[in-house]
Amino acid sequence: MDDDRSFRHRRLAAVNLSILLANCKNMRHLRQIHAQVITSTTVTTNTFLLTRILLFLTTSDKGSLPYATALFRTIQNPNRFMYNTMIRAHSTANSDHHFSDRGGSLAFYKKMMSTSSVRPDHITFPFLLKYCCSIRNLISSESVHAHVLKFGVGVDLFVQNGMISMYSSFGSIQSALKVFTGMPEKDIVSWNSILIGSLRCGDLDLALGLFDEMKQDNNRNIVSWNSIMTGLVQAGRPKDALIFFHEMFDSDGGGVLPDKITISVVICACAALGALDHGRWMHNYMKRRNELEIDTVLGTALVDMYGKCGCVERASNVFDDIPNKDVLAWTAMISAFAVNGHGEEAFALFSEMEKHGIRPNQVTFGALLNACAHSGLLIKGRQSFRTMKDVYGIVPNLQHYACMVDLLSRAGLFEEALELIRTMPIKPDVYVFGALLGGCRMHGNAELGEELAEYLINLDPRNHVFYVILSDIYAKGNKFSNVKRIREFMSENGINKTSPGCSMIEINGIIHEFSVNGYDGSEVSSNEIGFMSNLILDQLRCVKPSGADNDQVTGI
DNA sequence: ATAGGGTTAG
């Protein structure tokens with residue numbers, strides 16, 4: 001009788017709480033609900049209801065992880081479900097709470113192990129392993145593997161899948177394969193995990209082989225396609241990514257339809273190729289499919305693509321319609337202005353971003369400095385470099401220094417560039433010195449140029465770039481015997497461009513590659529491309545360089 | 001319960 005009443009009470013309270021939580025509007029509201037639970041229920045029901053609140057706090061977008069963590073600390077004897085909830089909540093990477101809650105999921109796991117009553121189960125480990133993917137700590141992760149075996153869940157499919165991801169996130173594709181091949185039953189997630197793992201570890205051949213095998217077993221889904229395309233783009237093979245996209249699209253990929261992620265990957269490939277027609281087709285395609293709304297991520301990818309294809313106007317139009325613009329969206333648009341020589345607009349947009357209360361990051365300042373380099377904005381460049389450090393406390397990285405050195409040495413300010421290099425707190429790399437060397441070539445600074453080139457050639461004797469720049473510097477100073485000496489040295493030692501510089505052109509939606517030596521040989525005649533490229537070269541020769549940044553034109 | 005997407009760079 002009593003039990004029955006208690007049960008009904010519990011049911012009733014749970015239903016009421018569900019309704020309350022479903023209508024919960026903000027944290028203030030949640031605190032009220034929490035207080036109500038604490039004051040109006042018995043200890044037994046309390047545990048049950050607190051669990052519901054924890055779950056709400058960690059899974060709803062109206063929840064709050066710090067509040068959940070604080071609430072969790074007040075619970076005397078959390079049960080396994082509560083521990084699992086917290087471990088799950090702290091398992092995702094890229095979140096800020098990694099810093100506030102030192103230890104993340106592992107801290108909660110350790111706390112659970114310190115009790116004698118609660119043990120992990122097959123739900124605990126997939127989340128814990130996911131967390132291990134982000135901490136890049138092999139020792140901890142191997143301990144987790146040991147615990148997986150200790151608690152007898154090493155045969156669980158989800159746990160095994162998690163271990164594949166964990167090992168490949170460290171680059172241990174061998175260990176990942178060992179788990180994979182040892183699995184008695186594999187599902188689509190197992191296959192996708194090992195596919196993604198091989199891509200992360202840079203083993204493209206393995207990935208392509210796996211992808212092939214998956215086809216035979218009719219074991220490919222949208223995640224498989226998206227993953228292989230992402231891998232190809234990141235491996236610098238965007239053209240192959242597009243080929244895969246067409247294979248998927250034309251054959252219906254075995255009943256697979258492109259989703260938001262497919263679109264963003266393909267747009268990324270288009271951006272890398274400068275394939276404007278393809279990119280615009282994708283843009284139209286997503287408009288046709290009304291379930292593919294342009295969210296922040298897709299909008300950012302589009303802005304980037306249009307920017308890299310030289311369509312600042314289109315980029316700007318897409319940008320205006322992006323909902324909830326975050327740093328990445330703003331940075332993509334600033335960058336679109338930057339690479340197209342619209343330095344002033346880039347800075348205007350930066351100010352607007354600050355007004356919107358969006359905090360710039362390292363990448364934003366990289367884009368700004370890049371804008372300065374592309375538009376010769378010396379003063380603004382120096383200013384941004386200072387603002388980055390003093391106002392935002394962002395530590396400049398090698399790329400920022402390379403950008404500044406580029407800007408200064410293009411302006412002929414070699415002393416200032418050298419001073420910056422001398423006072424750098426990090427070791428300057430090839431790109432920093434390379435930027436300086438580029439300035440030397442532009443201004444015919446032979447003394448510094450020779451010294452630098454010699455240094456860089458010693459660092460990387462097989463790289464042709466520095467020989468060529470050095471010979472350019474000699475040629476500019478009419479030291480043709482030195483030019484001849486370098487050319488002879490290069491041919492005697494077989495120092496050539498490893499792969500000929502290659503450009504791409506999009507004709508009727510097909511990407512064609514061509515270079516001075518040859519052409520990839522598709523339907524369009526190589527002669528037509530050769531004819532056009534000569535025409536363009538002739539026109540370029542008629543253009544007088546108008547500013548310091550135009551030296552490439554005279555170099556042709 | 002586990003797998004996939006966007007920003008800088010010389």
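To find a chain, count down the sequence lines: A is the first, B the second, and so on, and within it residues start at 1.
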Task: Cationic tip of A/R359 above A/Y392 ring, under 6.0 Å, 45° of axis - done: no

Open item on the list: Please classify the nucleic acid contact of A/L298 as base, sugar-phosphate, or nothing, using heavy-atom distances under 4.0 Å.
Closed with: base

Open item on the list: Given 3.5 Å as the limit, does a donor-acceptor pair link the side chain of A/S141 with the main chain of A/N137, or not?
Closed with: yes

Open item on the list: Does A/F365 reach a base, just sugar-phosphate, or nothing at all? Heavy atoms under 4.0 Å.
Closed with: nothing

Open item on the list: Could you check whether A/Y83 and A/F72 have their ring centres less than 6.0 Å apart?
Closed with: yes

TODO: Give one of base, sugar-phosphate or nothing for A/D326, where a contact means two heavy atoms less than 4.0 Å apart.
DONE: base

- [ ] Give A/K325 one of three labels, base, sugar-phosphate or nothing, depending on what nucleic acid heavy atoms sit under 4.0 Å from its own.
- [x] nothing

Open item on the list: For a quick check of understanding: with a heavy-atom distance under 4.0 Å over all strands, which category does A/A329 fall into, base, sugar-phosphate or nothing?
Closed with: base

Open item on the list: Any heavy-atom pair between the side chains of A/Y109 and A/F125 that's under 4.5 Å?
Closed with: yes

- [ ] Side-chain contact test, heavy atoms from C-beta onward, threshold under 4.5 Å: evaluate it for A/T230 versus A/L199 and give yes or no.
- [x] no

TODO: Could you list where the contact with chain A starts and ends along DNA chain B, reading 5' to 3', using a 4.0 Å heavy-atom cut-off?
DONE: B/dA1 to B/dG10

Open item on the list: At 4.0 Å (heavy atoms only), tell me whether A/H122 reaches a base, stays on the sugar-phosphate, or touches nothing.
Closed with: base

Task: Those residues of residues 182-196 of chain A lying under 4.0 Å from DNA chain B by at least one heavy atom - done: A/V189, A/N192, A/S193, A/I196

- [ ] Flag the pair A/T364 / A/W330 as yes when at least one side-chain heavy-atom distance between them is below 4.5 Å, and no otherwise.
- [x] no

TODO: Would you please indicate yes or no on a ring centroid separation below 6.0 angstrom for A/F350 and A/F337?
DONE: no

- [ ] Tell me what A/T296 touches on the nucleic acid: a base, only sugar-phosphate, or nothing, going by heavy atoms under 4.0 Å.
- [x] base

TODO: Check the angle between the aromatic planes of A/H90 and A/F108 and answer parallel, tilted or perpendicular using the 30° and 60° thresholds.
DONE: tilted

Task: Close side-chain approach of A/L242 to A/P238, heavy-atom, < 4.5 Å - done: no

Open item on the list: Within the 4.0 Å heavy-atom criterion, would you say A/N84 contacts the bases, only the backbone, or no part of the nucleic acid?
Closed with: nothing

TODO: Look at all strands and tell whether A/I222 reaches a base, only sugar-phosphate, or nothing, counting heavy atoms closer than 4.0 Å.
DONE: base

TODO: With heavy atoms under 4.0 Å as the rule, sort A/D156 into base, sugar-phosphate or nothing.
DONE: base

